[in-house]
Amino acid sequence: MTPSHSNSLAAYGLFLAWAVHDAEELALGPRWLRENLPMLRERFPGVPEAVWEAAESVDEREFALAVGVMATVVGAAAVAGARTGGRSAFYQGALNGFGLHGLLHLGQAAAVRGVTPGSVTSPLVVIPFTLWARGRLRRAGVLRPTGLRGAVTGLGMAAAATVVAHVVARRLTPRF
């Protein structure tokens, strides 16, 4: 297998790993939040009420649309990675953000002392895939060094993409 073919697998694999992970979030997301909102409010009283109200107002249609918007972002990152043999800063930032967000899911599960949307596939898919893909890129000599700045940038990309996806979904979802 040539290095560029290997890097294409790592690039397109990002989209596949994301799809598996987000299928879990789609299956559990809004319903889990509605069922657990009272416990979350009690356990985390310092969270502003506006955050709880916004979370409570997301329904399955809006959430699914946000996942669709995110699919566009992750797909674009995967294509950028494949076209550049894994060198794309956008792809590598998305890969780093994907892996680090998996750690956040594990932190969420620990904070609530139970399973949360995304916490099952994070240790089984998200984190292992990210480590595998980064290893492929490292061996190919195209992995950019990732220190604290790279980690913050990756998480920032993931957070910004999530916010944009939900804002777009909120605007496109009819309210009854």
Side-chain angles (χ1 to χ4, degrees), residues 13-78 90-134 146 148 150-176:
L14 172 62
F15 186 79
L16 179 60
W18 171 84
V20 169
H21 175 68
D22 266 40
E24 175 193 3
E25 291 185 331
L26 269 172
L28 300 176
R31 181 176 49 87
W32 183 93
L33 188 56
R34 276 193 309 278
E35 291 171 359
N36 289 279
L37 205 54
M39 174 272 297
L40 293 170
R41 279 187 159 131
E42 184 177 314
R43 188 165 295 164
F44 305 104
V47 173
E49 184 60 27
V51 171
W52 299 127
E53 289 171 4
E56 191 172 40
S57 71
V58 176
D59 64 15
E60 282 80 1
R61 292 172 304 148
E62 181 181 324
F63 192 79
L65 186 54
V67 168
V69 172
M70 186 63 82
T72 304
V73 174
V74 176
F90 175 43
Y91 162 69
Q92 288 192 23
L95 178 65
N96 292 337
F98 180 63
L100 291 168
H101 113 277
L103 294 175
L104 292 176
H105 277 298
L106 296 180
Q108 290 169 340
V112 301
R113 298 180 198 108
V115 175
T116 59
S119 67
V120 173
T121 54
S122 285
L124 299 175
V125 176
V126 175
I127 296 165
F129 170 77
T130 302
L131 294 173
W132 174 82
R134 287 180 50 80
T146 305
L148 180 59
V152 169
T153 299
L155 278 175
M157 283 179 65
T162 300
V163 168
V164 167
H166 281 279
V167 166
V168 168
R170 172 69 44 117
R171 293 200 174 159
L172 294 177
T173 304
R175 299 282 167 210
F176 298 104

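Small disclaimer: the values here were computed from a predicted structure and weren't measured.
- Looking only at side-chain heavy atoms (C-beta outward), V152 and L155 stay at 4.5 Å or farther from each other.
- Other residues, nucleotides and ligands contribute over 12 non-hydrogen atoms within 6.0 Å of the CD atom of E49.
- Formation of a donor-acceptor pair under 3.5 Å by the D59 side chain with backbone atoms of E62 is found in this model.
- The CG atom of N96 sits 4.5 Å away from the OG1 atom of T146 when rounded to the nearest 0.5 Å.
- In plain terms, the two heavy atoms of T116 and V112 that are nearest each other are CG2-CG2, 3.3 Å.
- Nearest heavy atom pair, residue V73 against residue A161, reads CG1-CB, 4.1 Å.
- A heavy-atom distance below 4.5 Å is found between the side chains of V168 and V164.
- The nearest pair of heavy atoms linking A76 to F90 is C-CE2, 3.6 Å.
- Here the closest heavy-atom approach between residue V58 and residue P30 is recorded as O-CB, 4.0 Å.
- You'll find the side chain of L37 reaches within 4.5 Å of the side chain of R41, heavy atoms only.
- Interatomic distance, R34 CZ to E60 CD, rounded to the nearest 0.5 Å: 4.0 Å.
- Below 30°, between 30° and 60°, or above 60°: for H105 and H101 the angle between ring planes is above 60°, a perpendicular geometry.
- Judged by distance alone, the side chain of E24 and the main-chain N or O of V120 form a donor-acceptor pair under 3.5 Å.
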(request) Under the side-chain contact (heavy atoms from CB on, under 4.5 Å) rule, what do L40 and W52 come out as? Steps first, then yes or no, please. (result) CA-CA 9 Å; L40 293 170; W52 299 127; 3.7 Å; yes

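- Atoms CE and CZ, from M157 and F98 in turn, are 13.5 Å apart once rounded to the nearest 0.5 Å.
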(request) Test L26 against D22 for side-chain contact (heavy atoms from CB on, under 4.5 Å), laying out the working first. (result) CA-CA 6 Å; L26 269 172; D22 266 40; 5.6 Å; no

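- Ring orientation note: the planes of H166 and F63 are tilted relative to one another, at an angle of 30° to 60°.
- Although no hydrogens or angles enter the test, the distance criterion places a donor-acceptor pair under 3.5 Å between the side chain of R43 and the main chain of A111.
- Minimum interatomic distance between F129 and L14 (heavy atoms only, all atoms of both residues): CZ-N, 3.2 Å.
- Closest heavy-atom contact between L106 and S119: CD2-O, 3.9 Å.
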